[in-house]
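Below, chain A is the first sequence line, B the second, and so on; all start at residue 1.
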There are 2 protein chains.
Amino acid sequence: MSEVAQLADVSPSTVSLYLRRPDEVSTRRGERIQSAIDKLGYLPNTMAGGLASSRSNIIGVIVPTITFSFFSETLETLEKSLRAAGYQLLIGNTEFDASREEELIRSILSWNPSGLVLTGFSHSRKSVSLLTKSDISIVEMWDYGQEGLDMVVGFSHRTCGRLVAEHLIRNGYQNMAFLSTNFHRDIRANERYLGFRDAVVASGGSVELRELVGRSNTAEAGKLLRILINEHPETQALFCSNDMVALGAMLECQRQGWSIPERLAIVGFGNQDFTGSTLPPMTTVEPPRQEIGNHTARLLLTRLRGNDSTNTETRIDLGVRLIVRESS
Amino acid sequence: MSEVAQLADVSPSTVSLYLRRPDEVSTRRGERIQSAIDKLGYLPNTMAGGLASSRSNIIGVIVPTITFSFFSETLETLEKSLRAAGYQLLIGNTEFDASREEELIRSILSWNPSGLVLTGFSHSRKSVSLLTKSDISIVEMWDYGQEGLDMVVGFSHRTCGRLVAEHLIRNGYQNMAFLSTNFHRDIRANERYLGFRDAVVASGGSVELRELVGRSNTAEAGKLLRILINEHPETQALFCSNDMVALGAMLECQRQGWSIPERLAIVGFGNQDFTGSTLPPMTTVEPPRQEIGNHTARLLLTRLRGNDSTNTETRIDLGVRLIVRESS
DNA sequence: GTGAAAGCGCTAACAT
DNA sequence: ATGTTAGCGCTTTCAC
């Protein structure tokens with residue numbers, strides 16, 4: 001920067017000012033500075049800037065995994081909005097391991113971020129104390145219904161499970177099953193199960209639970225379904241923890257010659273691209289993947305800009321949409 | 001840090017030393033410092049550290065999108081290895097927009113990163129000049145066959161296309177088609193097409209090209225396939241730019257009653273989880289998603305640790321595996 | 001093994 | 001509108 005200043009024949013602080021608020025520098029010097037920047041190929045040092053201003057343009061985001069299309073789509077919209085506002089995302093993934101979250105929070109906090117986005121409400125005691133002490137803006141996303149640390153953007157997974165149950169009950173199904181990946185670690189899949197089960201049981205029906213443990217979800221979904229139907233031939237409807245599992249189940253039905261939805265109704269979760277093209281088209285739940293990203297960015301930006309007037313809205317329930325097609 | 005020093009009754013520089021190389025501090029003081037850190041909940045300021053040492057533990061990664069399972073799996077393995085070595089990833093996505101890459105490079109370079117990972121060989125002139133000037137370690141991944149800026153980890157998409165062509169030719173197919181998403185922007189899908197077409201044409205066959213342009217890949221794959229078969233009923237085999245497109249094509253064949261592979265052979269790309277469960281199981285290409293991440297991390301770490309002895313290996317062709325199942 | 005001192009590249013008062 | 005000055009919170013010589 002001092003090189004730029006020298007070449008443009010101004011003081012370093014004028015260069016700094018020009019970089020941050022160009023219109024507060026006279027046109028003549030502004031042009032000189034700009035041409036010096038271009039000539040030298042100068043790139044400002046973000047760390048030095050962050051240190052000096054004791055703020056950073058960093059926003060941390062912690063998700064269970066970036067390989068699920070749910071989260072990667074949320075991340076992509078989030079990053080788009082925040083980058084446009086000049087922020088840099090620091091992404092960490094826990095791989096559904098609660099103990100890793102604390103480590104990631106620590107690592108992100110050491111960057112002195114302006115904000116932090118977490119997935120869900122479940123955090124270790126230590127994490128919570130780190131966060132409350134650090135006093136930064138926090139959004140917990142992809143869930144809704146608990147008090148939360150600060151701001152919340154998501155939907156209730158229990159309600160989602162209940163919605164699916166009510167739909168199936170309405171269509172006359174009674175004996176149901178829930179097929180899940182990652183059941184013991186994915187709290188939100190768990191919640192969907194609970195909402196589903198409670199509603200089904202309340203209506204006099206039954207719910208069998210099966211968890212996938214292998215590596216290939218689609219293949220194992222088929223295998224587990226075969227076993228399930230063998231043990232519980234009375235099963236009439238199946239709610240899956242995601243669309244890939246549901247696809248596996250549908251393909252298995254085809255192999256077995258079980259008609260959908262007559263022999264077995266199937267409902268997915270995710271409304272992934274392919275669900276409209278399966279045979280038959282799949283009934284599924286659409287979570288607000290992109291909306292979560294957009295609203296999270298909006299809440300964060302509002303807070304960081306310090307518009308206290310709009311600061312009252314801090315909890316957003318985006319709900320889910322049940323996409324009824326022909327598989328149920 | 002000075003607070004910690006005060007509480008532990010040592011100098012700040014001893015605390016700093018303890019944090020970086022604990023064994024060079026006496027046990028007694030080390031313990032005092034650690035307890036002071038715990039008591040105060042002290043977190044080091046990474047930016048200050050980076051500024052003072054004029055190095056950073058940052059490694060930038062630029063991918064077209066994080067929503068493709070290809071890239072997100074590579075990212076996940078890459079981040080795992082690099083985080084374990086103490087590095088922080090800064091992820092940017094271009095959304096297949098070449099002009100955004102330059103902006104991202106600029107933004108990442110301003111963090112003074114230790115290394116940078118790019119996807120493919122195609123960069124603007126300005127980007128290249130920024131990179132060569134910055135003199136950091138660079139890995140271009142997910143492609144192979146060009147000289148590259150520094151290190152290269154990937155595979156040849158042209159060879160991949162040729163492999164698929166040879167497999168189909170061997171099985172007696174002559175009239176083929178290539179169905180692609182994002183064809184005009186995804187250089188690597190383009191290369192696969194070229195490798196495929198050249199081999200097919202060289203053997204006396206023909207290749208029709210169709211590009212998906214809508215939002216739903218699976219649905220549009222079906223639609224385009226229907227039109228294609230109507231216009232070119234002689235088509236015997238189809239190579240798709242990814243597994244989702246291939247799934248859409250397979251589902252369309254089912255709807256139309258076209259048997260696979262008798263009426264139409266289908267080959268995907270990606271070897272996604274579900275491809276083993278389709279009806280029939282899908283022939284597809286397995287790109288080395290995770291291996292790319294691992295080797296990229298390895299090369300980068302070797303370079304950053306300055307082991308000049310092992311520094312000779314800078315170009316790795318990981319190849320692809322053709323997974324022959326029953327759809328071809 | 002430990003501490004004092006200088007400085008990393010900026011920003012933020014403040015004075016002009 | 002511009003320049004001077006004093007840090008931001010660390011790391012890194014270099015003495016001791």
Side-chain angles (χ1 to χ4, degrees), chain A residues 1-34 36-37 40-58 86 88 106-114 133-136 306, chain B residues 1-34 36-37 40-58 86 88 106-114 133-134 136:
Chain A
M1 179 177 253
S2 57
E3 283 184 52
V4 173
Q6 221 167 347
L7 185 60
D9 197 30
V10 296
S11 78
S13 56
T14 306
V15 177
S16 170
L17 188 62
Y18 172 75
L19 253 22
R20 286 171 296 120
R21 282 173 268 138
D23 29 298
E24 293 186 20
V25 170
S26 71
T27 327
R28 283 188 50 255
R29 303 200 180 207
E31 283 165 3
R32 287 218 309 273
I33 292 171
Q34 186 57 55
I37 286 174
L40 294 169
Y42 169 75
L43 279 177
N45 182 323
T46 313
M47 295 217 221
L51 182 59
S53 63
S54 64
R55 323 178 250 93
S56 80
N57 63 341
I58 284 184
Q88 171 67 245
R106 216 177 271 281
S107 156
I108 290 175
L109 284 182
S110 78
W111 285 96
N112 191 21
S114 299
K133 189 176 318 178
S134 77
D135 192 41
I136 60 172
Chain B
M1 178 178 253
S2 57
E3 284 185 51
V4 173
Q6 220 168 345
L7 186 59
D9 197 30
V10 296
S11 79
S13 51
T14 306
V15 177
S16 170
L17 187 62
Y18 172 76
L19 253 23
R20 286 170 297 117
R21 283 173 267 138
D23 29 299
E24 293 185 22
V25 170
S26 70
T27 327
R28 283 188 49 254
R29 301 198 184 210
E31 284 165 2
R32 286 217 310 270
I33 291 170
Q34 187 57 56
I37 286 173
L40 293 169
Y42 168 76
L43 280 178
N45 181 324
T46 313
M47 295 218 219
L51 181 60
S53 63
S54 64
R55 313 179 259 95
S56 80
N57 63 341
I58 284 185
Q88 171 66 242
R106 215 177 271 282
S107 155
I108 290 175
L109 284 182
S110 79
W111 285 97
N112 191 21
S114 299
K133 189 176 319 179
S134 77
I136 59 172

| message | I need the CG-C1' distance between B:Leu40 and D:dG9, as an integer number of Å. | response | 15 Å

| request: Please check the phosphate of D:dC10 (OP1 and OP2 only) for any side-chain N or O of B:Arg55 closer than 4.0 Å. | output: no

| Out of C:dA12, D:dT11, C:dC10, which nucleotide sits closest to the side chain of B:Ser53? | D:dT11

| Heavy-atom pair with the smallest gap, counting every atom of A:Ile108 and A:Pro113 | O-CD, 3.3 Å

| task | To the nearest 0.5 angstrom, please state how far the CG atom of A:Leu40 sits from the NZ atom of B:Lys133. | result | 8.5 Å

| request: Take atom CG of B:Asn45 and atom C1' of C:dC8, then tell me their distance rounded to the nearest Å. | output: 13 Å

| Side-chain N,O (A:Arg29) to OP1/OP2 (D:dG3) below 4.0 Å | yes

| query | Residues from residues 5-28 of chain B sitting under 4.0 Å of DNA chain D, heavy atoms only? | reply | B:Ser13, B:Ser16, B:Arg20

| Minimum-distance nucleotide (side-chain atoms of A:Met1 versus C:dG9, C:dT11, C:dC8) | C:dT11

| request: Taking only the side-chain nitrogens and oxygens of A:Tyr42, find out if one of them lies under 4.0 Å from OP1 or OP2 of C:dC10. | output: yes

| query | Measuring from A:Leu7:CG to A:Tyr42:OH, what's the distance to the nearest 0.5 Å? | reply | 13.5 Å

| field | Rounded distance [0.5 Å steps], OG in B:Ser54 versus CE in A:Met47 | value | 9.5 Å

| request: Measure from CH2 on A:Trp111 to C1' on D:dG9 and round the result to the nearest Å. | output: 14 Å

| task | Please report, rounded to the nearest Å, how far the P atom of C:dG9 is from the CG atom of A:Leu51. | result | 12 Å

| query | Do the side chain of B:Thr46 and the main chain of A:Ser110 share a donor and acceptor less than 3.5 angstrom apart? | reply | yes

| query | Does B:Ser16 use its side chain to pair, donor to acceptor, with the backbone of B:Pro12 at less than 3.5 Å? | reply | no

| field | Non-hydrogen side-chain atoms of B:Ile33 and B:Val4 separated by less than 4.5 Å | value | yes

| request: Determine to 10° how strongly the helix from C:dG1-D:dC16 to C:dT16-D:dA1 is bent, judged from the axes of its five-pair ends. | output: 30°

| field | Heavy-atom donor-acceptor pair, B:Asn112 side chain to B:Ser56 backbone, under 3.5 Å | value | no

| query | Which residues pass the side chain to side chain donor-acceptor pair (under 3.5 Å) test with A:Glu24, sequence neighbours left out? | reply | A:Arg21

